[in-house]
Participant: 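The structure's right below; bear with me while I get my questions together.
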Amino acid sequence: RRNGMIGNIYSMGLALQALETSSEFYAPRKWDRGQAFSVIYSHDYEQPVAIAQVLPPLVGKSYLNAGRWGCAATNRMSPSRQLPLLPLSPPTAPITVQFSITNTLGNYFHYSTSVCIPDNSTLLDVMKVARNEKPEIFCFQTKQTSLGPFVTSIHGLSGSTDDRTYWQFFSCWSPLQEGVGTYKPKNWELIQAIFSTY
């Protein structure tokens, strides 16, 4: 449906495991696994849980049968199949990111700022710089999850399961497919945190 993306980048690993192991149960349409795998190959996974979910389908397995290999399988791995060490990248010039926070669900507010960060920084780094520069406006809280930090509150406004509200992040009005701990904004990118309902 969406160029091979199933759900979002974090759900891809489990979705591929399910589709790979249950192919005899879905019909009549043939599943285009190549398109889904191209999404995985083009993404730079950094969260350990997401990596652990993606690895089994890359070798045609799922969590259900991945443990059948045992440690002996890795002992016999040839040096040519081991990953090469990559050289360190030289430092790059800093970038500027536009960051805004908006609440339209009640007690309206909208604030924007520009922050200067090193290239290859995460959205969480952008938020920390904004908080350091204007703590009364861009204060936020996170909680650690298995898929990385999850933003629970911005500007004193917390998401709520009872009210079905949360902070959703956008890049130029397109929802982000990664979390704040892994998404890396580009120079002059507009990142919006909008208090939303689900």
Side-chain angles (χ1 to χ4, degrees), residues 1-89 92 95 97 118-127 142-151 166-187 189 191-193 196 198:
R1 247 185 183 181
R2 297 181 316 153
N3 297 326
M5 179 72 76
I6 303 169
N8 63 33
I9 204 67
Y10 293 119
S11 61
M12 284 292 291
L14 291 177
L16 287 174
Q17 287 186 51
L19 289 170
E20 287 289 304
T21 59
S22 62
S23 60
E24 68 269 15
F25 297 112
Y26 54 87
R29 192 170 146 229
K30 183 164 175 36
W31 175 56
D32 183 4
R33 70 191 301 266
Q35 194 177 35
F37 277 87
S38 70
V39 170
I40 288 178
Y41 294 138
S42 66
H43 184 72
D44 183 19
Y45 286 91
E46 294 182 14
Q47 295 297 328
V49 171
I51 293 168
Q53 292 173 350
V54 164
L55 285 177
L58 289 177
V59 293
K61 304 292 180 188
S62 73
Y63 280 154
L64 297 175
N65 56 14
R68 293 184 189 147
W69 288 356
C71 295
T74 57
N75 290 341
R76 293 186 305 270
M77 184 180 287
S78 71
S80 65
R81 297 213 32 192
Q82 295 174 358
L83 296 176
L85 294 176
L86 300 176
L88 294 175
S89 303
T92 58
I95 64 170
V97 176
D119 190 19
N120 214 27
S121 295
T122 66
L123 176 51
L124 185 60
D125 296 326
V126 170
M127 295 176 68
T142 63
K143 73 175 181 181
Q144 192 61 35
T145 71
S146 60
L147 293 173
F150 177 78
V151 176
Y166 70 111
W167 283 97
Q168 186 173 16
F169 291 85
F170 295 84
S171 171
C172 302
W173 298 105
S174 294
L176 294 183
Q177 297 297 315
E178 296 180 64
V180 297
T182 56
Y183 184 76
K184 295 180 179 175
K186 297 178 183 35
N187 197 26
E189 185 172 359
I191 301 292
Q192 302 153 296
S196 306
Y198 59 93

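The analysis underlying the following values was restricted to heavy atoms, covering all of them including side chains, and did not include hydrogens, waters or symmetry mates.
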Participant: Locate the shortest heavy-atom distance separating Pro175 from Gln168; write the atom from each residue and the value.
Facilitator: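 Pro175 and Gln168 have their closest heavy atoms at CB-NE2, 3.8 Å.
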Participant: What pairs with Thr145 under side chain to side chain donor-acceptor pair (under 3.5 Å), at least two apart in sequence or on another chain?
Facilitator: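 Scan of Thr145 (side chain to side chain donor-acceptor pair (under 3.5 Å), adjacent residues dropped) gives none.
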Participant: Nearest heavy-atom pair of Thr182 and Gln47: which atoms, and what distance?
Facilitator: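 That would be CG2-NE2, 3.2 Å.
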Participant: Minimum heavy-atom separation for Asn120 and Lys184, please, with both atom names.
Facilitator: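 It is OD1-CD, 3.2 Å.
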Participant: Atom OG of Ser42 and atom CD1 of Ile40: how far apart are they, to the nearest 0.5 Å?
Facilitator: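 If I round to the nearest 0.5 Å, the distance is 9.0 Å.
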Participant: Under 3.5 Å, is there a donor-acceptor pair between the side chain of Gln53 and the main chain of Met12?
Facilitator: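 Not at all, since once roles are kept as given, no pair shorter than 3.5 Å links the two residues.
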Participant: Which atom pair, heavy atoms only, marks the closest approach of Pro149 to Thr142?
Facilitator: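 Heavy atoms only, the tightest pair is CB-CB, 4.3 Å.
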Participant: For Met127 versus Val180, what's the shortest heavy-atom pair and its separation?
Facilitator: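 Scanning both residues completely, I find the closest heavy atoms to be SD-CG1, 4.1 Å.
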Participant: I need the Ile9 CD1 to Leu176 CG distance, nearest 0.5 Å.
Facilitator: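 Between atom CD1 of Ile9 and atom CG of Leu176 there are 12.5 Å.
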Participant: Can you run down the salt bridge (Lys or Arg N to Asp or Glu O under 4.0 Å) pairs that involve residues 170-181, sequence neighbours left out, and say none if there aren't any?
Facilitator: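 Listed by first then second residue: nothing to list.
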Participant: Check whether Thr122 reaches the backbone of Asp125 with its side chain - one donor and one acceptor, N or O, closer than 3.5 Å.
Facilitator: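 Answer holds: yes.
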Participant: State which residues pass ring pair (Phe, Tyr, Trp, His ring centres under 6.0 Å) with Tyr45; sequence neighbours excluded, sorted by chain then number.
Facilitator: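 Once residues adjacent in sequence are excluded, the partners of Tyr45 under the ring pair (Phe, Tyr, Trp, His ring centres under 6.0 Å) criterion are His43.
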Participant: Considering all heavy atoms of both residues, which atom of Pro185 and which atom of Leu123 are nearest to each other, and what is their separation?
Facilitator: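 So the two residues come closest at CD-N, 3.8 Å.
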